[in-house]
2 protein chains.
Amino acid sequence: MIRVTQQGNVIRGILEKSGRPLSPQEIYGMARRKISGLGIATVYRNLKSLQADGLIAAVELPGQPPRWEVAPQNHHHHFLCNSCDKLYEIPACTEDLRQLLPEGYILQEHDILLRGKCAACVAKSNS
Amino acid sequence: MIRVTQQGNVIRGILEKSGRPLSPQEIYGMARRKISGLGIATVYRNLKSLQADGLIAAVELPGQPPRWEVAPQNHHHHFLCNSCDKLYEIPACTEDLRQLLPEGYILQEHDILLRGKCAACVAKSNS
DNA sequence: GTCGTTGCAAAGCGTTTGCAGCCTA
DNA sequence: TAGGCTGCAAACGCTTTGCAACGAC
């Protein structure tokens with residue numbers, strides 16, 4: 001039987017309120033403000049069990065620890081800002097990936113990560 | 001001054017002869033057959049210095065340690081086989097990524113990773 | 001002989017696990 | 001009260017670093 005705990009509620013709440021995927025460290029920092037004695041292991045354990053329940057999903061990034069988002073409704077990709085290192089959701093996808101494949105290969109999934117400067121950082125550097 | 005060593009030559013040779021990006025462990029295993037006392041730290045150090053010289057490049061994969069390939073001539077992407085876990089080069093790219101961006105965002109780079117079954121594994125499962 | 005490179009072992013870093021105590025149901 | 005959950009500390013896997021010995025020049 002799964003129990004409702006303060007720690008679990010806070011961690012889930014942080015992910016639901018954040019509009020973008022968060023790293024375990026970001027979540028840990030935010031959750032610590034509400035539960036002072038919180039351990040990092042509890043964050044990881046809660047993330048794993050929320051994932052097992054299908055409530056959240058890991059966003060794996062090349063060369064970085066994964067970030068976590070509430071379970072997505074639609075197929076989408078992500079944009080990583082080179083300036084502020086924040087990750088944003090891109091609710092669109094491109095169609096013509098299958099034509100890139102060599103003969104005989106079967107395409108099952110694909111990851112797309114766009115990188116650049118987010119609107120907030122563009123605005124900052126123009127000011 | 002950079003010195004020519006047996007270890008460096010073997011590691012570079014392995015990457016040049018392999019037609020696909022290799023993980024440090026794969027490289028270590030192959031190199032150990034030629035230099036029995038080789039240490040894993042030497043593999044990492046050589047990969048880093050070959051990268052600094054621009055001779056090889058790291059291929060960062062989501063949720064996995066990076067693999068290494070000889071420095072690419074052209075922009076390209078990769079295909080990861082879900083069956084044999086080998087990574088292949090895809091010498092093509094799709095054009096219409098910029099249109100996926102929200103307003104105000106600037107696109108600088110992009111990563112695309114295709115996943116599925118490579119031709120060799122498709123052939124194997126049909127036999 | 002100099003000093004860049006090596007192998008080993010120890011240290012890092014992010015993540016996971018063992019365990020006794022806590023707290024939800 | 002039972003047993004899932006927590007915090008702590010130790011363990012983990014991959015990678016990096018310190019250091020004395022080695023070997024290319």
Side-chain angles (χ1 to χ4, degrees), chain A residues 1-15 18 21-69 78 80 85-87 113, chain B residues 1-15 21-69 80 85-87 113:
Chain A
M1 186 202 296
I2 295 167
R3 292 188 183 166
V4 176
T5 64
Q6 193 198 169
Q7 289 86 342
N9 284 337
V10 166
I11 291 170
R12 186 153 29 84
I14 285 171
L15 283 171
S18 159
L22 299 175
S23 70
Q25 291 300 332
E26 282 178 301
I27 297 165
Y28 182 50
M30 294 177 187
R32 235 167 130 81
R33 273 181 236 135
K34 307 203 172 178
I35 309 170
S36 54
L38 181 68
I40 184 72
T42 300
V43 174
Y44 283 105
R45 276 189 283 233
N46 272 276
L47 291 175
K48 256 183 72 176
S49 73
L50 287 169
Q51 179 184 38
D53 295 345
L55 297 175
I56 66 172
V59 183
E60 304 277 4
L61 296 181
Q64 289 194 23
R67 314 209 183 180
W68 296 84
E69 64 184 359
H78 294 97
L80 181 63
D85 199 46
K86 280 183 187 153
L87 189 68
L113 179 65
Chain B
M1 182 204 295
I2 296 166
R3 292 185 183 168
V4 176
T5 64
Q6 193 199 170
Q7 288 86 343
N9 283 337
V10 167
I11 291 170
R12 186 154 29 85
I14 285 170
L15 283 170
L22 300 176
S23 71
Q25 292 299 334
E26 283 178 302
I27 297 165
Y28 182 51
M30 294 177 187
R32 233 168 133 80
R33 274 181 236 137
K34 305 201 173 178
I35 309 171
S36 54
L38 181 69
I40 184 72
T42 300
V43 173
Y44 282 104
R45 276 189 283 234
N46 272 275
L47 290 175
K48 256 183 71 175
S49 73
L50 286 169
Q51 179 183 37
D53 295 345
L55 296 177
I56 66 172
V59 184
E60 303 278 3
L61 297 181
Q64 290 193 23
R67 313 207 183 179
W68 297 84
E69 65 183 0
L80 180 63
D85 199 46
K86 281 183 187 155
L87 189 69
L113 178 65

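Lettering of chains follows the sequences in order, A, B, ..., and the numbering in each one begins at 1.
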Among dC8(C), dA2(D), dT2(C), the nucleotide that comes nearest once only the side chain of Arg3(A) is considered: dA2(D)

Gap between atoms CG and P, on Asn9(B) and dT5(C) respectively (whole Å): 12 Å

Atom-to-atom span, CZ of Arg67(B) to P of dC14(D) - whole angstrom: 12 Å

hbond_proxy Arg45(A) side chain to dG18(C) base (donor-acceptor, 3.5 Å cutoff): yes

Separation of dT6(C) C1' from Leu38(B) CG (nearest whole Å): 9 Å

5'-most by nearest nucleotide on DNA chain D - Ile35(A) or Lys48(B): Ile35(A)

Asp85(B) and Arg67(B) ion-paired at < 4.0 Å: yes

d(CD, Gln6(A); P, dC22(C)) in whole Å: 17 Å

Among Ile11(A), Val59(A), Leu15(A), the one residue meeting side-chain contact (heavy atoms from CB on, under 4.5 Å) with Trp68(A): Leu15(A)

Test applied, side-chain contact (heavy atoms from CB on, under 4.5 Å); reference residue, Ile27(B); option that passes from Val10(B), Asn46(B), Val43(B), Ile40(B): Val43(B)

Test item: Arg32(B) side-chain N/O and Gly37(B) main-chain N/O as donor-acceptor pair under 3.5 Å: no

Side chain of Gln7(A) - closest among dG7(D), dC25(D), dG3(D): dG7(D)

Sugar-phosphate only, base, or nothing, as touched by Ile40(A) at under 4.0 Å among non-hydrogen atoms: nothing

Euclidean distance, atom CD1 of residue Ile11(A) to atom C1' of dT6(D) [Å, nearest integer]: 11 Å

Phosphate OP1/OP2 of dG23(D) contacted by Thr5(B) side-chain N/O (<4.0 Å): no

Stepwise side-chain contact (heavy atoms from CB on, under 4.5 Å) test for Ile56(B) and Arg12(B): CA-CA 9 Å; Ile56(B) 66 172; Arg12(B) 186 154 29 85; 5.8 Å; no

Closest-nucleotide 5' rank along DNA chain D - winner of Val4(B) and Thr42(A): Thr42(A)

Spacing between Gln25(A) atom CD and dT16(C) atom P, to the nearest angstrom: 12 Å

Whole-Å distance separating the CZ atom of Arg32(A) from the C1' atom of dT6(D): 14 Å

Spacing of Asn46(B) atom CG relative to dT5(C) atom P, expressed in whole Å: 8 Å

